[in-house]
Amino acid sequence: MNNNQSKIRFNMLRILVYIIAIILLVELFNLQIVKGNLYRETSNSRLTREAVIKASRGYIYDRDGNILAGVKMAYCLQLYRSQISIEQLNTGILSMINILEKNKDTYVNDFPIQANPVKDNFNNETDFKTWKNKMGIDENLSAEAVLDLYKKKYNITNDNVNDVLKIIAIRYAIENTGYSSTNPLTISNDISKNSVLELSEKGVGLPGININIEPIREYEDGNLASHVLGYMGKVTQTDIDNSDGVYGNDSWIGKSGMESLLEEYLRGQDGLKEIDMNVDGGVTEEFTDKEAVAGSNITLTIDSKLQKATEDALKANIQKISAGGFRTKSNVKAGSAIVIDVKTGEILALANYPDFDPQKFIDGISTSDWNQYQTAGALFDRAVQGAYAPGSIYKMITALTALQKGVITPTQTILTKGVYPYSYHPECWLYEETGHDHGSINIVQGIKYSCDYFFYELGRRLGGMDDVAQYAKYFGLGSKTGIELPGEVSGMIATKANLEATGQTWNLGNTLSAAIGQGQNDYTPIQIAKYISMLANGGNEINPTLIKSVVNPDGTTVDTQTIENFVDNKLGFTPTEPQKVDISKANLQTVLKGMKGVTEDNDGTAAGAFINFPIQVAGKTGSAEAGNYINAWFAGFAPYDNPEIAVVIMEENGQKGSYAAEAARQIMSAYFNIKKTKVNMTTPINEE
């Protein structure tokens, strides 16, 4: 290449650079001078924010793969802060709420005042005063005065009290939850398509409205297994502070049951997206930065069909007692029922009455529904959180101990006389009701008749209840079972040491009461279910469980030990090995024979409930005094020769265990019919 050619190429390159520079200068002039005002206006009217992509919560299934708690995609209504006047804000809120109410959609409303007439939503004046103090309001102000105060505070000019309360509901949520141009307030988690269309078309004069499609929890069968599943609620500040950035002000979290216990597995991992908005809060464009990851799926040991049958049987039985459908009428309003596999400890059904609808909590439960649940005790899980005197269903422990310690033999009889001659001279239940006694009976008959006199004598011969307590502990009484539900209580075994710890002195009267399951004896229905299962399976220890498997989003299964360790740590439960006791098979069979007589012999205390039942059942009734109440118990298992399930019923103020036995029969019938259906057998259990 010669020098001339090199110069030509160099000059051409220089000319090209000049041309590019001129173009850039012209474009810069165009951007800054010619269109500068336009671009500055556009820039000032745009916002870019980082938003959360909500993760789909993990599903909860029953043992057969039926959905108990699923997920649905729902329209979520949000409100961002925008540059409008207070008057525009109030007017827009009212229009928005009117649309929601017209379409029967719920919305956030934690303001504790209602209209028609104007009054507070609290159950008592003390709670109302506590709230007023928290909000910095004079505790002596009436509900009307409080409403007027907030009306002025939010510059509301409407005179209609219903309209005022609609506006206050959202303004109160804004004040307490907060919102901004980049962090919205969720008005409703699930609005109808009609509301979506109206809000989108009309705009209601309220800039900042945004409608997202998000996954929300859906409970497939209403109230079914509500105490097992639990419910969800809005995060508290404590939840946020302890979450290491997992939760925001707009997050929801499990509050009870499995939803709470397995929150870390169920919640998934939220994603992130960038949203471009104009200054009025309108969304112009979205970009996904990080995809959301769904939560893990949980399979429970519950059989949803049996769960439904158990809930129905418990409810119907309680309502029948309340209505006087048996010999006496009683103000019974609550109870619990459990069905457990006696070999594995798997809970097949766990029911409480009254129960609740967890779906009502998804968009924020109304004050009226919350108060109704609180008044009825519907959120209280009696199966694990309630400790009750067991009454006569404890007599198998006393009987087995007496046999093991040799204070009575299987054939030896005791002459019962109605009124026990020692201590405070307690009477047998039969003598109280009829003036008769059970005569000379052996231990099998003592269990069958549930003769108090007989067991008073066993308690006296044992010289106290320390030996009985040792057997009670082995069968799981007086200790938490470790069931995977929050709030389990330990209960208490009646012993000299436990009584003296309260400053009282143990005497023969305490022994007599404890021998028949009264005194300090207090146990949960889940403990009773473990106890009956161990009687049925030959005295082998089992641990009641509700969790069958946990499967991660990638399809891997969490190993059982990891789940057990996680649950124990979450519940603060430390498993302990029970002290072994000698249990003679012959002595155990003697006790079980007595339980079979309860349901099978014509003079058994539950014989009426199991007439013509085609499967042999062993059971025990109990009528336990609890202050002014007499709680009804039935605990039994079936089939007698090859036990599969145990059923425990407890009804507060149910009066007689023989009443509760009817519910147990219905539950057992449902179990064996369901079992036959699963193995393609078409002949149902005959229930006439």
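Side chain to side chain, Asp105 and Ser188 fail the donor-acceptor criterion of an N or O pair below 3.5 Å. Donor-acceptor pairing under 3.5 Å is recorded for the side chains of Glu652 and Tyr388. Side chains of Asn124 and Asp127: a donor on one and an acceptor on the other come within 3.5 Å.
Asp221 pairs by the side chain to side chain contact (heavy atoms under 4.5 Å, CB included) definition with Leu224, not counting sequence neighbours. Listed by chain and number, the residues in a side-chain hydrogen bond (donor to acceptor under 3.5 Å, both in side chains) with Thr238 amount to none (sequence neighbours excluded).
A cation-pi arrangement, defined by a distance under 6.0 Å to the six-membered ring centre and an angle within 45 degrees of its axis, is absent between Lys675 and Tyr671.
Annotation: the span from Ile174 atom CD1 to Ile187 atom CD1 amounts to 6.5 Å, rounded to 0.5 Å. Between Ile53 atom CD1 and Lys290 atom NZ the span is 10.0 Å, to the nearest 0.5 Å.
The main-chain N or O of Thr545 is found under 3.5 Å from a side-chain atom of Thr301 such that the two form a donor-acceptor pair. For Asn90 (side chain) and Tyr154 (main-chain N/O), a donor-acceptor pair under 3.5 Å exists by modelled atom type. A distance-only check finds a donor-acceptor pair linking the side chain of Asp62 to the backbone of Ser304 [under 3.5 Å]. The closest donor-acceptor contact from the side chain of Asn297 to the backbone of Tyr59 lies under 3.5 Å. Side-chain atoms of Asn552 do not come within 3.5 Å of backbone N or O of Gly555 as any donor-acceptor pair. Proximity of a side-chain donor or acceptor of Asn98 to a complementary backbone N or O of Ser95 within less than 3.5 Å is not detected. In terms of modelled atom types and a separation under 3.5 Å, the side chain of Glu291 and the main chain of Gly271 share no donor-acceptor contact. Thr177 places a side-chain N or O within 3.5 Å of a backbone atom of Ala173 that can act as its donor or acceptor partner.
The only member of Asn212, Ile211, Val108 that meets side chain to side chain contact (heavy atoms under 4.5 Å, CB included) when paired with Leu77 is Ile211.
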With side chain to side chain donor-acceptor pair (under 3.5 Å) as the test, would you mind laying out the steps for Ser366 and Asp369 before giving the verdict?
CA-CA 5 Å; Ser366 69; Asp369 283 338; 3.2 Å; yes

Verdict with supporting geometry, Phe356 and His227, ring pair (Phe, Tyr, Trp, His ring centres under 6.0 Å)
CA-CA 8 Å; Phe356 60 91; His227 289 91; 5.1 Å; yes

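Residue-environment remark: NZ (Lys151) exceeds the threshold of 12 foreign heavy atoms within 6.0 Å. Enclosure of atom OH in Tyr629 is not indicated, since only 12 or fewer non-hydrogen atoms of other residues, nucleotides or ligands lie within 6.0 angstrom. Within a 6.0 Å radius of NZ in Lys255, other residues, nucleotides and ligands contribute more than 12 heavy atoms. Atom NZ of Lys570 is surrounded by more than 12 heavy atoms from other residues, nucleotides or ligands within 6.0 Å. Residue Glu87 places its CD atom among 12 or fewer non-hydrogen atoms of other residues, nucleotides or ligands, all under 6.0 Å distant.
Note: Phe326 and Tyr659 have parallel aromatic rings, judged against thresholds of 30 and 60 degrees for the angle between ring planes.
Contact record, Leu379 with Gln385: O-OE1, 4.5 Å, taken as the closest heavy-atom pair. Minimum heavy-atom separation, Gly230 to Pro358: O-CB, 3.4 Å.
Applying the ring-ring contact (aromatic ring centres under 6.0 Å, His included) test to residues at least two apart or on different chains, the pairs with a partner in residues 88-117 are Phe111-Tyr150, Phe111-Tyr172.
For the pair Val332 and Ile318, the minimum side-chain heavy-atom distance is below 4.5 Å.
Salt bridge annotation for Glu263-Arg57: present, with a cationic side-chain nitrogen under 4.0 angstrom from a carboxylate oxygen. Here Asp190 pairs with Lys72 in a salt bridge; the nearest charged N to carboxylate O distance falls below 4.0 Å.
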